[in-house]
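To start, the structure itself, in structure tokens.
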Amino acid sequence: MRTRALAALTGLALTAAACATVDPSPALSPAASVEAGPAPSPVAGYDWMLTIHDDEAHLVWGVPESDDMALGFNCRRGAGRAGLVSLGEDGDAPVILLESGGETGRFAAESELSLLHDAPILTADAMLSEPVLQRFRRLGWIAQWRGGGREAYAPHPGSEPNIEDFFAFCG
């Protein structure tokens with residue numbers, strides 16, 4: 001497990017520097033069931049960054065040219081599935097909770113202490129056909145529930161194609 005989490009975080013940190021089991025009815029707060037409405041606004045300094053190297057792709061929402069990331073995806077070309085990497089919150093269950101436009105996904109994760117952050121690293125696997133990930137692909141934004149709060153990750157103008165390019169590469 002340590003090798004997997006470290007490799008995932010390293011790949012995602014490199015992406016930022018360069019630019020599962022699913023429960024269909026996750027136990028999210030009532031606000032998570034919000035229907036698709038207006039897209040959230042981009043956050044200053046954070047964006048979706050894509051790195052493709054040979055047969056691997058990494059899509060990260062974080063700060064360019066840093067190891068500051070909140071959520072990342074990695075895949076092999078044409079695999080149809082992705083690894084999810086997130087920073088958890090101490091005391092939270094090892095799960096990655098995602099929402100996009102009213103679709104939700106609860107991904108059982110493995111947790112490991114981070115050498116770079118004061119939070120555990122969570123890793124999970126998901127099929128790219130999961131409804132929440134397909135909604136992310138269509139809408140271009142996704143939210144994550146961490147520490148009892150919701151964080152929305154929207155692209156800045158010009159980086160929207162990174163999301164579609166990731167899904168197209170991964171199959």
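Just the heavy atoms: all of them, side chains too, but no hydrogens, waters or symmetry mates, feed the values below. None of the values given here were measured: they were computed from a predicted structure.
- Note that CZ of Arg137 is 9.5 Å distant from SG of Cys170, once rounded to the nearest 0.5 Å.
- Between Trp61 and Val43, some side-chain heavy-atom pair lies under the 4.5 Å cut-off.
- Summarising the geometry of Gly88 relative to Ala119, their closest heavy-atom pair is O-CB, 3.1 Å, with the distance given to 0.1 Å.
- Considering only heavy atoms from C-beta on, Phe107 comes within 4.5 Å of Val132 through its side chain.
- Residues Glu160 and Pro155 come closest through the heavy atom pair CG-CG, 3.8 Å.
- The CZ atom of Arg135 sits 10.5 Å away from atom OG1 of Thr104, with the distance rounded to the nearest 0.5 Å.
- Closest heavy-atom contact between Ala124 and Ala108: CB-O, 3.3 Å.
- Between Glu89 atom CD and Arg146 atom CZ the span is 5.0 Å, to the nearest 0.5 Å.
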Audit row: Trp141, Tyr153, side chain to side chain contact (heavy atoms under 4.5 Å, CB included) steps and yes/no: CA-CA 6 Å; Trp141 65 267; Tyr153 310 138; over 6 Å; no

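- Note that CD1 of Ile163 is 9.0 Å distant from CD1 of Ile142, once rounded to the nearest 0.5 Å.
- Shown here is His156, whose NE2 atom has more than 12 heavy atoms of other residues, nucleotides or ligands within 6.0 Å.
- Residues Gly101 and Leu139 share a closest heavy-atom pair of CA-CD1, 3.6 Å.
- Side-chain contact annotation: Gln144 with Ser86, donor-acceptor N/O pair under 3.5 Å present.
- Contact of the Asn74 side chain with the Phe166 side chain is not registered, since no non-hydrogen atoms from C-beta on lie closer than 4.5 Å.
- You'll find the side chain of Met49 reaches within 4.5 Å of the side chain of Pro64, heavy atoms only.
- Side-chain contact between Leu84 and Thr123 is absent, with no heavy atoms from C-beta onward closer than 4.5 Å.
- Using a 4.5 Å cut-off on side-chain heavy atoms (C-beta onward), Ile121 and Val85 make contact.
- Listed here is the closest heavy atom pair of Pro40 and Ala154: O-CB, 3.3 Å.
- In this structure, the side chains of Trp145 and Glu99 come closer than 4.5 Å at one or more pairs of heavy atoms.
- In this structure, Glu56 does not pair ionically with Arg77, as no charged nitrogen and carboxylate oxygen lie closer than 4.0 Å.
- Taking NE2 of His58 as the reference point, atom CG of Asn162 lies at 14.0 Å (rounded to 0.5 Å).
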Check the pair Val95, Leu122 against side chain to side chain contact (heavy atoms under 4.5 Å, CB included), reporting the backbone distance first and the verdict last. CA-CA 7 Å; Val95 64; Leu122 301 178; over 6 Å; no

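- The aromatic ring centres of Phe73 and Phe167 sit 6.0 Å or more apart.
- A distance of 6.5 Å separates CG in Leu133 from CG in Leu98, rounded to the nearest 0.5 Å.
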